Asker: 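Let me give you the structure first, and then I'll get to my questions.
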Amino acid sequence: MYILKNSLISIIRNKGRNILIGIIVLVIACSATVTLSIRNTANNLVKNYEEAHDIIATISFNRQQLSEKFEGGEDAIKNNIEAFNEIEAITLDNVKNYGDSSYLKNYYYVYSTSLNSDTLTKATDKYEYEVEDKQTTTSTTTSTTGGENAGGRMPMGGPGGGGERHTFTNRNTTTIITRTKETFQSGRNLTGDFELDGYSSYDGMTNFIDGTYKITDGEMITDFENFECAISSELATLNQINVGDTITFKNPNTEATYDFLVKGIYKDNSNDDDSANMYSPSANTIIVGSKIIEKLVSDDSTLVTNITPSFILQNEEAITPFSEEVKAKGLNEYYTVNTNLEELKTATKSIENVKTFATTFLAITLIIATIVLLVINMINIRERKYEIGVFRTIGVSKFKLTIQFVLELLIVSLIALCIGAVIGTFLSKDIGNSLLQNEIEATQVANEQILDNFGKGGKPMDLERATVQVQAINEIDAVVDFKVILQLLAIGLGLTIVSSLASMISIQRFSPLTILKERS
Amino acid sequence: MSILKLEDVGYRYKDAPKDQYVFKNINYEFEQGKTYAIKGKSGSGKTTLLSLITGLEKCTEGNVLYDGKNLKKMNLDKYRNTDIGIVFQSYNLLPRLTAIENIILSMDVSKVKIKKKKEKALELMKSVGLSEEQAKRKILKLSGGEQQRIAIARSLSYNPKIIIADEPTGNLDKETETEILNIFTRLAKEENKCVIIVTHSQNVCDRVDCIYDLEKK
Ligand SMILES: Nc1ncnc2c1ncn2[C@@H]1O[C@H](COP(=O)(O)OP(=O)(O)OP(=O)(O)O)[C@@H](O)[C@H]1O
Ligand SMILES: [Mg+2]
């Protein structure tokens, strides 16, 4: 106990020296708090970003591999298309099989097909109308007429009815040679006028999450199994459709019709469409639930569908095992598993840079601080040799004396550390926020808007990332948190112990008599 | 039975030439209840011998025995804060503390349990002729003689069996010297202490029970 008492008395009786040490520690604590909190905030931002932006694996067709394998030249096109058609496309069952994996948090997919409609006008730049053909030909005229393709599209995969007519006129005999041309088309192209995108969950609606699409009237479909849909504002305007109306689509193969209730109307805000078309590419896209497409397919298995799965990986380490697993499950060699990891890393790069800077700054501050404190302590010990001598002659052990000296420094450091931390906390709110302002704002704005993009307002909905983000934002608001305080304490303790090494060593090597004699 | 015994003690400073001992073959014995004087001219090695007796230095040759135990094998910190009270030639008080704080510090450090430290310290100071007002002063605001008395009071504070004092009366006038010597004599006679006074003063030598002369080697 008397050791603590001695320390306290010594601190009070040596105000000047201790205030000096205190100021140094205070400045260090202050800058350490700021840098630590910046680091911490940056960490939280990265964590927040990583939580809000999952590592998503997609399966894509490897065109490069295809072109390497397939023969070139114009003659080869037909063969190539045939070969391409033979490569098995991914099916819904495949996706469900791949999705059943321990490396995944979840998965979702967009199951698409296309339908026609008798009642709806497609939003397109082309407008076709019939005119009476008043073509007159005289036998003496030599003319060459270009062939005209029949309106509408060809049934997929088969030979089409397009052709060319060339009329050659002789003076006496007229020979009409009609050559029909076979159109070759990939069997995977959706051929109806309207593309129906069947989403398996809200999480798959990335366009709405990132704000490219936004519900402007009504709301997003509420049930993935009902015949509900959300249509583009362009299509709605063109056909004068309102929320609550029912629209009818027709299977181009079987002529079967399907009625959909319009739940919402969305606007496509993307401005990266550099084509000069009248309508945006999404104008004829109808958003429905994936179960609807399954129903359509069960009615007509020849309906051409396309499935785009997104697999949400547990973590970065799951990337390789998952893609190996998918290959083992039989993914065709022409398909590859890709992830958005690089994209995610680029997005957090600026934050990581701030973090690295903060860490470096902190390290330099600590090194300088340790040296300064070490020097002060060495000077301090020289000044206090006599005192040490007296303590030793009255029978204070080296160990206790060392404790007393370290304790003195520790008490001063701790007080300064606390004051420094308080000042640092105020500063770091401003400094940290201004350094990371853009990043913080970006996340906050995104979060507030997501629910709005779905037209859900305040209504709760089954969307994972909305809740994740709300939590993360709260963490960021607390710039100096418990973790920072602990780190700061560890730094303070380390600093004190390292810088009092000088006193520890000299007390151990100390001969009391010599010191006392020096004095007299 | 002697409380302290020097057996063939010799000492040579490490940086001194090989054969140049400050002293050699010293055989002294000290008993409780008696006063002793270690006599010698300036530079004869009195302070050096004191540092051997107090365990601040180890003897180059021979042994110092306290109560039959070799100092080399004892916990010297405990020995200094419990068994022996030292009054240094240069007092060795802590200037940042007040007079009474210096005394209480020694009580704190000592292994001996002491109750009512403040009262005891004041009592001790009164017995060496210091007032309560002086007790509250910082060391450097006291005269040499007053500091010496505080050093004596401090050495007595934990009630050790041996009191050893280096030139305790060197800075004092005759009257005060007598007073201090009276205190030492009383300690030996009434409290059964072993009092060792290192001195060059004949006046001191006249008052003690036994004189050891350092120069008679
Ligand atoms: N650290 C040292 N190294 C070498 N020689 C020393 C050292 N300290 C003291 N001496 C020498 O040892 C001798 C004894 O010194 P000491 O201090 O014991 O004398 P003293 O008898 O106490 O003298 P005084 O009466 O003046 O106090 C002296 O000759 C001195 O020069
Ligand atoms: Mg001396």
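So you know, we letter chains A, B, ... as the sequences are listed, proteins then strands, and number each from 1. Nothing here was measured: the structure is a model prediction, and the numbers come from that model.
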Asker: So with a 6.0 Å cut-off around CD of Glu132(B), is the heavy-atom count from everything else above 12?
Answerer: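 Result for CD/Glu132(B): open.
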Asker: For the candidates Gly55(B), Gly85(B), Ser51(B), Ser110(B), which exhibits the highest count of non-hydrogen atom pairs separated by less than 4.5 Å from chain A?
Answerer: Ser51(B)
Asker: Side chain, backbone, both or neither: which part of Ile394(A) has an atom under 4.5 Å from a heavy atom of chain B?
Answerer: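 The answer is both parts of Ile394(A).
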Asker: Please determine whether the number of non-hydrogen atoms from other residues, nucleotides or ligands lying under 6.0 Å from atom NZ of Lys161(B) exceeds 12.
Answerer: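 Atom NZ in Lys161(B) is not packed in, count stays at 12 or less.
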Asker: Start with the C-alpha distance between Lys5(A) and Ile104(B), add both sets of side-chain angles, then the distance that settles side-chain contact (heavy atoms from CB on, under 4.5 Å), and finish with yes or no.
Answerer: CA-CA 11 Å; Lys5(A) 184 174 134 191; Ile104(B) 292 174; 3.8 Å; yes
Asker: Return the option, out of Ile9(A), Ile3(A), Asn14(A), with the maximum number of heavy-atom pairs under 4.5 Å with chain B.
Answerer: Asn14(A)
Asker: How would you list, by chain and number, every residue that makes a salt bridge (Lys or Arg N to Asp or Glu O under 4.0 Å) with Arg154(B), sequence neighbours excluded?
Answerer: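 Per chain and number, Arg154(B) pairs via salt bridge (Lys or Arg N to Asp or Glu O under 4.0 Å) with no residue.
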Asker: Less than 4.5 Å to any heavy atom of chain A: does that hold for the side chain of Glu101(B), its backbone, both, or neither?
Answerer: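 For Glu101(B), the side chain is the part near chain A, not the backbone.
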Asker: Considering residues, nucleotides and ligands other than Tyr13(B), do more than 12 of their heavy atoms fall under 6.0 Å from its OH?
Answerer: yes
Asker: Is it the case that atom NZ in Lys126(B) sees more than 12 heavy atoms from other parts of the structure closer than 6.0 Å?
Answerer: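 No, NZ of Lys126(B) has 12 or fewer neighbouring heavy atoms, counting only those of other groups under 6.0 Å.
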Asker: If we define contacts as heavy-atom pairs under 4.5 Å, which of Leu105(B), Asn75(B), Ile84(B), Ile86(B) has the most with chain A?
Answerer: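 Result: the option with the highest number of such pairs is Leu105(B).
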Asker: To the closest 0.5 Å, what do you measure between CG (Asn6(A)) and CG (Leu97(B))?
Answerer: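 These two atoms lie 7.5 Å from each other.
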Asker: Given side chains that start at C-beta, do those of Asp77(B) and Arg392(A) come closer than 4.5 Å, heavy atoms only?
Answerer: yes
Asker: Heavy-atom cut-off 4.5 Å, strictly under: side chain, backbone, both or neither for Thr47(B) against chain A?
Answerer: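 For Thr47(B), the contact with chain A is made by the side chain alone.
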Asker: Would you name the heavy atoms of Asn92(B) and Tyr386(A) that are closest together and state the gap between them?
Answerer: CA-OH, 3.1 Å
Asker: In terms of heavy-atom contacts, does NZ of Lys118(B) have more than 12 from other residues, nucleotides or ligands at under 6.0 Å?
Answerer: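 It does not: Lys118(B) NZ has 12 such atoms or fewer within range.
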Asker: Taking side chain as C-beta onward, heavy atoms only, is Thr54(B) less than 4.5 Å from Thr393(A)?
Answerer: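 With C-beta onward as the side chain, the pair stays apart.
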Asker: How many angstroms lie between atom CG of Leu76(B) and atom OG of Ser397(A), to the nearest 0.5 angstrom?
Answerer: 12.0 Å
Asker: For Lys400(A), is it the side chain, the backbone, both or neither that has a heavy atom under 4.5 Å from a heavy atom of chain B?
Answerer: side chain
Asker: Under 4.5 Å, heavy atom to heavy atom, which residues of residues 367-382 of chain A contact chain B?
Answerer: none
Asker: Could you give the distance from CG (Leu94(B)) to CZ (Phe391(A)), rounded to the nearest 0.5 Å?
Answerer: 5.0 Å
Asker: Quick check on Phe361(A): does its CZ atom have over 12 non-hydrogen neighbours (other residues, nucleotides or ligands) under 6.0 Å away?
Answerer: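 12 or below, so no.
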